[in-house]
Protein chains: 2
Amino acid sequence: MKKVTINSVASHAGVSKKTVSRVLNNEPNVSVATREKVLAVFKELDYTPNPIARGLAQNRSFIIGCLYDNPSKSYITRVQTGALAACQENNYNLLIHPCEFRGEALINNIEQLLQTSRLDGIVLTPPFGDFAELVNFLKSKKIPYARVASAILEDDSISVRSNDEQGAFEVTEHLISLGHKSIAFIKGHPDHSATQQRFKGYRRSLASHGIEFNERLVEEGNFSYHSGVDSARSILDLSPRPTAVFASNDYMAAAVLKLATQRQLRVPDDISIAGFDNAPIARHIWPGLTTIAQPVEEMTKQAVTQLISHIAQPQDEPFQVILESRLITRESTAQVKK
Amino acid sequence: MKKVTINSVASHAGVSKKTVSRVLNNEPNVSVATREKVLAVFKELDYTPNPIARGLAQNRSFIIGCLYDNPSKSYITRVQTGALAACQENNYNLLIHPCEFRGEALINNIEQLLQTSRLDGIVLTPPFGDFAELVNFLKSKKIPYARVASAILEDDSISVRSNDEQGAFEVTEHLISLGHKSIAFIKGHPDHSATQQRFKGYRRSLASHGIEFNERLVEEGNFSYHSGVDSARSILDLSPRPTAVFASNDYMAAAVLKLATQRQLRVPDDISIAGFDNAPIARHIWPGLTTIAQPVEEMTKQAVTQLISHIAQPQDEPFQVILESRLITRESTAQVKK
DNA sequence: CCACATTATGACACCGGTGTCATGGTCAAA
DNA sequence: TTTGACCATGACACCGGTGTCATAATGTGG
């Protein structure tokens with residue numbers, strides 16, 4: 001079983017390599033008869049072009065890098081699923097790059113990644129889309145990039161996100177509609193732009209109902225389960241205890257639930273709990289968590305699709321999309337008790 | 001800023017391309033003086049060889065494929081972490097390939113993957129290491145592969161796993177030592193060899209204590225949370241109700257916990273629950289789950305490292321390693337009540 | 001000191017594609 | 001009929017490495 005290359009196809013079809021190449025790339029100036037002859041030989045020999053040779057000739061790798069640093073494994077796999085879908089449709093490969101660096105070290109790490117892997121483009125998942133230093137570096141190196149779920153907007157860039165502010169607003173509205181007035185809030189990681197957005201949504205809802213904002217009800221978390229435990233402790237120790245807790249993601253919400261349960265509090269009778277993200281854990285625990293579902297796969301897929309088309313043919317127009325998220329109510333929130 | 005290639009290095013150092021290539025690959029027959037001169041130029045120009053050109057010349061892609069199909073996101077990311085670590089150490093890239101096909105369709109899917117991505121090797125994570133059809137296909141195509149966490153052993157293959165049978169034995173021993181005699185068991189997905197192994201460990205422990213095996217206490221799950229809910233329903237409906245449930249993984253155990261809690265049963269006072277895998281959920285819920293921790297990253301890393309070294313220089317000896325797992329006791333298991 | 005083995009090095013083809021440019025053929029307008 | 005535009009095609013260099021083989025330089029034993 002010999003290897004099938006563009007040369008074997010060319011000699012079988014009785015044309016030159018170049019003509020085969022033209023057919024492969026759908027270039028103009030090939031007669032219909034020739035094109036069909038070549039296509040027939042493709043079928044006959046079961047030919048697939050060698051992406052490595054193609055890459056060498058075009059100085060491309062057909063690889064997109066996906067940068068992430070996220071405590072939520074389910075978020076990571078959702079991002080990967082979306083990115084992979086876009087890559088497969090376009091004959092690209094996806095190189096995953098978990099990365100916990102910040103600042104200077106981050107730039108060095110990415111520089112090395114680019115040197116050794118020759119990526120054609122990079123998808124920045126939270127929080128990397130929010131790091132101006134990194135983005136400027138990519139820009140200076142002329143590496144195409146796309147942002148997923150970042151609130152930062154630039155004039156000429158690719159960005160797909162959902163409306164975190166609005167999502168948080170809706171959760172808070174939901175709690176208020178159940179009669180809650182004392183609603184604690186656990187913030188996310190300060191590096192993530194989503195953290196500010198979700199906090200803003202919470203405050204906007206309070207304000208729109210004339211509920212005074214109380215700083216003592218706000219805790220600083222970092223999206224990890226562990227930080228949720230710490231924040232939960234402070235919140236549950238408050239007196240009077242708030243009647244509801246809104247955590248910026250489901251892991252922290254799950255931590256609140258765990259601690260509350262350990263302390264013999266009944267959820268949602270004694271205290272309501274809401275999260276954000278609709279992570280699997282939100283439905284794997286009892287009671288299930290009220291939360292916001294975002295189309296993470298779809299966001300990433302659109303971002304990567306756009307990134308690849310930008311690589312093939314650079315455009316000047318920005319591509320900025322905001323997808324809808326939706327409130328999912330489960331058992332962890334209920335009418336406040338008198 | 002011009003591109004730095006082997007040619008620029010060669011002319012700067014005043015030697016031929018081929019000599020530079022020799023230095024790059026640590027080939028013999030280069031004088032010390034020449035080698036040092038070339039290495040100095042590497043530094044000076046900040047040269048990194050182009051893996052694509054290298055791949056074309058050697059007919060390699062420097063890409064390892066990682067095949068998986070697993071409901072547990074945390075397991076997937078752990079596998080990826082280990083595989084990536086091995087790849088990065090060896091200047092390989094990792095191509096992830098989630099894949100839900102079986103049988104004929106699986107073979108076609110993989111054939112296409114190989115055609116388009118030209119993988120140098122494949123890591124088979126559960127359950128793919130257990131599919132003889134797939135393995136035979138890879139063998140016939142002469143694609144190197146490595147198995148992770150599969151109980152299947154062949155004479156000449158690479159396989160790294162932990163001892164599932166022993167792990168399940170230890171969990172059961174633990175329950176029995178707490179006085180449990182009626183221990184329900186939820187099996188995993190029938191395609192996974194771990195499913196058989198864990199079941200065997202459970203039975204061995206029962207037998208070694210003279211506890212009669214009761215088929216009615218065994219439910220068929222598939223490792224998913226959902227299947228755990230179904231199995232839990234049957235088990236909790238039994239009369240008399242077993243005093244302990246051992247689920248083949250933590251997701252199913254979490255489902256048992258959820259259902260038990262919904263039914264006002266106190267865990268572990270009314271019923272003990274144990275899982276397997278030490279997934280994050282095992283410590284994110286209350287009470288935390290007693291379970292078995294396996295070195296998934298380490299297993300995968302060793303498998304991939306070995307795979308890559310096998311690609312560089314094929315060996316005939318098999319590489320078969322079994323790593324230790326360990327019992328982690330948390331709050332979900334306790335002394336049986338009289 | 002010569003014959004021969006061994007080491008160090010380079011010239012050149014090659015991997016499998018794409019880009020550039022020349023060439024011959026067709027066709028419409030002058 | 002001539003001219004020029006345009007289309008279809010191929011020859012050939014090139015991308016940045018590695019493999020093969022020839023050759024010059026050096027070392028070794030008799």
Side-chain angles (χ1 to χ4, degrees), chain A residues 2-39 41-42 45-63 91-92 114-118 120 311-313, chain B residues 2-39 41-42 45-63 91-92 114-118 120 311-313:
Chain A
K2 282 220 42 162
K3 267 184 302 184
V4 181
T5 74
I6 199 171
N7 290 303
S8 31
V9 172
S11 61
H12 258 74
V15 297
S16 72
K17 286 167 75 165
K18 182 64 216 187
T19 298
V20 177
S21 170
R22 287 195 180 92
V23 174
L24 263 181
N25 296 285
N26 279 314
E27 284 174 30
N29 302 338
V30 180
S31 73
V32 176
T34 308
R35 168 162 279 128
E36 281 177 354
K37 189 168 53 181
V38 173
L39 288 174
V41 178
F42 283 173
L45 301 185
D46 193 21
Y47 169 71
T48 317
N50 183 329
I52 299 184
R54 205 190 273 223
L56 180 59
Q58 301 193 125
N59 195 26
R60 305 213 262 156
S61 62
F62 296 95
I63 295 179
N91 283 313
Y92 262 71
L114 293 174
Q115 282 253 340
T116 58
S117 293
R118 318 261 159 164
D120 288 348
I311 290 166
Q313 135 178 134
Chain B
K2 284 221 40 167
K3 267 183 304 183
V4 181
T5 73
I6 199 171
N7 290 303
S8 32
V9 172
S11 61
H12 259 73
V15 298
S16 71
K17 287 167 75 165
K18 182 63 216 189
T19 299
V20 177
S21 169
R22 286 193 181 96
V23 174
L24 264 180
N25 296 286
N26 279 316
E27 286 175 28
N29 301 338
V30 181
S31 73
V32 176
T34 308
R35 167 162 280 129
E36 282 179 353
K37 188 168 53 183
V38 173
L39 288 174
V41 178
F42 283 174
L45 302 185
D46 195 20
Y47 169 71
T48 319
N50 184 329
I52 300 183
R54 203 189 270 219
L56 179 60
Q58 300 191 131
N59 195 26
R60 305 213 260 156
S61 63
F62 295 96
I63 295 178
N91 284 312
Y92 262 72
L114 293 175
Q115 282 252 342
T116 58
S117 293
R118 319 259 158 165
D120 288 347
I311 290 165
Q313 111 182 152

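A, B, ... follow the sequence lines: proteins, then strands. Residue 1 opens every chain. In what follows, every heavy atom counts, from backbone to side chain, and hydrogens, waters and symmetry copies are set aside. All values derive from a computational prediction rather than experimental measurement.
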> Are any non-hydrogen side-chain atoms of B:Asn25 and B:Arg54 less than 4.5 angstrom apart?
Replying inline: yes
> Would you say B:Val9 and B:Leu45 make side-chain contact, with heavy atoms under 4.5 Å?
Replying inline: yes
Drop me the distance from [X]'s [atom1] to [Y]'s [atom2], to the nearest 0.5 angstrom.
X: B:Tyr47; Y: A:Gln115; atom1: OH; atom2: CD; answer: 11.0 Å
X: A:Leu39; Y: A:Leu24; atom1: CG; atom2: CG; answer: 9.0 Å
X: B:Ile63; Y: A:Ile63; atom1: CD1; atom2: CD1; answer: 4.5 Å
X: A:Phe62; Y: A:Arg118; atom1: CZ; atom2: CZ; answer: 15.0 Å

>> Walk me through whether B:Val4 and B:Asp46 qualify under side-chain contact (heavy atoms from CB on, under 4.5 Å).
In response: CA-CA 8 Å; B:Val4 181; B:Asp46 195 20; over 6 Å; no
Is [X] near enough to [N] that one of its side-chain N or O atoms lies under 4.0 angstrom from OP1 or OP2?
X: B:Thr19; N: C:dG10; value: yes
X: A:Lys3; N: C:dG16; value: yes
X: B:Ser16; N: C:dT9; value: no
X: B:Tyr47; N: D:dG16; value: no

>> I need the full list of side chain to side chain donor-acceptor pair (under 3.5 Å) pairs touching residues 27-37 of chain A, with sequence neighbours left out, sorted by first then second residue.
In response: A:Ser31-A:Thr34
Scan nucleotides 4-6 of chain D against the protein and return all N/O pairs shorter than 3.5 Å with their distances rounded to 0.1 Å.
none

> At under 4.0 Å between heavy atoms, what does A:Val15 touch on the DNA or RNA strands: base, sugar-phosphate, or nothing?
Replying inline: sugar-phosphate
Which atom pair, heavy atoms only, marks the closest approach of [X] to [Y]?
X: A:Val30; Y: A:Arg22; value: CG2-CB, 3.6 Å
X: A:Asp120; Y: A:Ser61; value: OD1-N, 3.0 Å
X: B:Ala13; Y: B:Val41; value: CB-CG2, 3.8 Å
X: A:Pro51; Y: B:Thr116; value: CG-O, 3.3 Å

> Taking atom P of C:dG16 as reference, at what distance in whole Å does atom NZ of A:Lys18 sit?
Replying inline: 18 Å
>> Please report the distance, rounded to the nearest Å, between CG in B:Asn7 and C1' in C:dA11.
In response: 13 Å
>> Contact list please: residues 50-62 of chain B against DNA chain C, heavy atoms, distance less than 4.0 Å, in numerical order.
In response: B:Leu56, B:Ala57
>> Would B:Thr5 and B:Asn50 count as a side-chain contact (heavy atoms from CB on, under 4.5 Å) here? Give the steps.
In response: CA-CA 8 Å; B:Thr5 73; B:Asn50 184 329; over 6 Å; no
>> As a test of reading the structure: which of D:dT18, C:dG16, C:dG19 is closest to the side chain of B:Leu24, going by heavy atoms?
In response: D:dT18
>> Ignoring hydrogens and geometry beyond distance, is the side chain of A:Lys17 in donor-acceptor contact with the base of D:dG10 at under 3.5 Å?
In response: no
> Can any side-chain N or O of A:Ser11 pair as donor or acceptor with the backbone N or O of A:Ser8 at less than 3.5 Å?
Replying inline: yes
> Does anything in residues 25-34 of chain A reach DNA chain D, meaning a heavy atom under 4.0 Å, and if so which residues?
Replying inline: A:Asn29, A:Val30, A:Ser31, A:Thr34
>> Both atom distances under 3.5 Å, Watson-Crick or G-U wobble: I'd like the secondary structure of DNA chain C as a dot-bracket string, with | for pairs made across strands.
In response: ||||||||||||||||||||||||||||||
Set out, line by line, the N/O atom pairs under 3.5 Å between protein and nucleotides 21-27 of chain C.
none

